[in-house]
Amino acid sequence: MSTLKLQSLGKVFGNTAAVEKIDLEVGEGEMVAFLGPSGCGKTTTLRMVAGFVEPSSGSILVGGKDITRLPPNRRNMGMVFQSYALFPHMNVSENVAFGLKARHVPKGEIAGRITAALELVGLSGYEARYPKELSGGQQQRVALARVLALRPQLLLFDEPLSNLDAKLRVQMRHEIRTLQQEVGITSLFVTHDQEEAMTIADRIVVMNKGRIEQVGPPAEIYDNPRTRFVADFIGAANLVEGRLEGDVFQSARGARLDCAPPDFAPTGAPVVLSIRPEKIEILPGAGEGGTPGTVMRATKLGGLIEYVVELASGDTILVQKQDRSPADHLRVGEPVRVSWNTNDARLLP
Amino acid sequence: MTAAPRRERRDWTQVLLVLPNTVWLLLFMVGALFFLFLMSLRGYEPGGRGMLDTWELSNYWAFISDPFYLKILGRSLLMALWVTIGCLILGFPLAYALSRLRGMKRALLYFAVLVPLLTSAVIRTFGWMILLSNKGFVNQTLMSIGLIDSPIPMMYRMTGIIIALIQVLLPFMVLALDAALLNIDRQIYDAARNLGAGRVRIFFRVTLPLALPGIVSGSILVFTLAISAFVTPALVGGPRIPVMATLIYQQGIALLNWPLGAAISLVMLVVLVVILSALMSIASRAMRRAS
């Protein structure tokens, strides 16, 4: 149980920077998710923390102590892998014992720590099973027990749920979250699944091209994206290119759209307006209020209906509505008006 | 009801796929062994009439009761054992490196491993004779740098045979080990390191047990090929160091004592089968958990 501090941590492979001098502080007991597309540097960052990748620059501090040069087997961290990485030739109990023996935990203590760890992940009674005899979810729980038994300072999750089927993945998310809060171990969680990051983390670090785009609690990341990348990558967003004409946003195609005042100094350079599809109100008919447009496409997505609306300017806007009644359905070709709360439309540099 | 006929058809396809090989083996392996067995039961009269029409067990008795022959059997087994051990020791690091490489580097090293197999056995063995003789390259070099005063005799010695056989058979070991090592998920090594294990512990507790299938298959391959090798023991060892293969050749071709030659061949086959099946049952017990 420790804090983690990354100080201008960077990694260069050959000529390409996989991670570009990132800074991050993780508080005690906090769960931080690294989210981003593949190749964004999230896994490299995690592997630097674990000690598998040597940083090209910067340092890693755990509990205030610099561990940048420590080999992975001398760092007190527990890592959970995408492929579970259980030892196939050892049974559950031997798998959990491996780390305890490697770290020279007194013999008398080992059996008790194995039992406690397996109890924690709900696998008591599975001691003699071999990994091949367990389901994916059970295997990942053994992997979790294996690291929890070591009482590590830090838990590192490397896409641990990606190999599980969709239903189990959702269930395991909550299990991992509950368990992590129970044991209170500071954790990093790498994932490319935004829903996963949203459910599991106290804070999300959105990464792109080796850089941190934004750090914040899930709600803030979603509601207040700071960059085009974050707005685009997290959830669905309408991103309309344009520029500011005084206080009014004008799209490149000429539509004048309502938006919140920018929280950056406008430079006259092109900006982008970002608005979530579910924040948009859509009204039938060509009456007063709102920006007029035409329904181009209507798609039912379970409990939601998604409309693509083409504005008079030619800009297209994606709108999501709860599907309450078929009577509310809008038909393709129907004239409509779209409007939104000014504060929900944010300008991004 | 619908699944049954389809299944039947698939079974037939499998039979068809296996059939040519089975016929071939029955004709030229099992059939040949049967005739060899019949021949081993024939009497033999040296010099005059040669093979007789009698049925007797005298050839087996002749082998089993003669310390000279038994010594050759022992020597052959020992030779095969040393070659296997040598291939394991030299092959493991090589296979480990090979299994870690990717792309072009892997292709190049893979090719380099296979190169010994591209030369004919006779030419390769003559090469070893040049290298290993008292005035050969190895001894000359060792003497010129002052490591030894007089040449280490390797030609017409077991040492030479073992050295040459290790070189020939190393590729089989490396390829078997490589296949096993490639099967190990790399994240397992990371996990072991992360759990606090040093390199030595990882090697003995993780790499070695998981490579066991490759160690077994490679050892069986090398052991079998070594004990039945003919050219290398014949040329490097010469008549002073007979092994089973050269003994059978001598009995069959030089002395024309086909019945004894056949009997010795079958004794060797039985010994080999017993040793290998014992080895495999031990190994499979150890591997059952892993697989």
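Just so we're clear, the structure is a prediction, and the values are computed from it rather than from any experiment. In what follows, chains are A, B, ... by sequence order, proteins preceding strands, each numbered from 1.
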* **Atom group of A:N91 that falls short of 4.5 Å from chain B, counting heavy atoms** =>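 Neither part, no heavy atoms under 4.5 Å.
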* Asked: What part of A:L100 gets closer than 4.5 Å to chain B, counting heavy atoms only: side chain, backbone, both or neither?
  ->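 When you check distances to chain B, no heavy atom of A:L100 falls under 4.5 Å.
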* A:R75 atom CZ, neighbour heavy-atom count above 12 within 6.0 Å -> yes
* Greater than 12 external heavy atoms within 6.0 Å of A:R74's CZ ->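 Incorrect, the count does not exceed 12.
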* Asked: Say you draw a straight line from CD1 of B:I188 to CG of A:L86; how long is it, rounded to the nearest 0.5 Å?
  ->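 It is 7.5 Å, given to the nearest 0.5 Å.
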* Quick one: CG on B:L195 to CG on A:N95, what's the gap to the nearest 0.5 Å? ->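 The CG atom of A:N95 is 8.5 Å from CG of B:L195, to the nearest 0.5 Å.
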* Sort by residue number and list every member of residues 31-61 of chain A having a non-hydrogen atom under 4.5 Å from chain B. =>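 A:R47, A:F52 fall under the 4.5 Å cut-off.
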Select one option (side chain, backbone, both, neither) describing which atoms of [X] are under 4.5 Å from chain A's heavy atoms.
| X | value |
| --- | --- |
| B:N194 | both |
| B:R193 | both |
| B:R186 | neither |

* Asked: Do A:F81 and B:D185 come within less than 4.5 Å of each other through their side chains, counting heavy atoms only?
  -> no
* To do: Apply side-chain contact (heavy atoms from CB on, under 4.5 Å) to A:F87 and B:L210, showing your working.
  => CA-CA 9 Å; A:F87 305 117; B:L210 289 179; 5.6 Å; no
* Let me see the working for B:Q187 and A:D158 under side-chain contact (heavy atoms from CB on, under 4.5 Å), right down to the final yes or no. => CA-CA 11 Å; B:Q187 291 197 332; A:D158 185 10; 4.2 Å; yes
* Exercise: identify the closest heavy-atom pair between A:H104 and B:R201 -> CE1-NH2, 3.9 Å
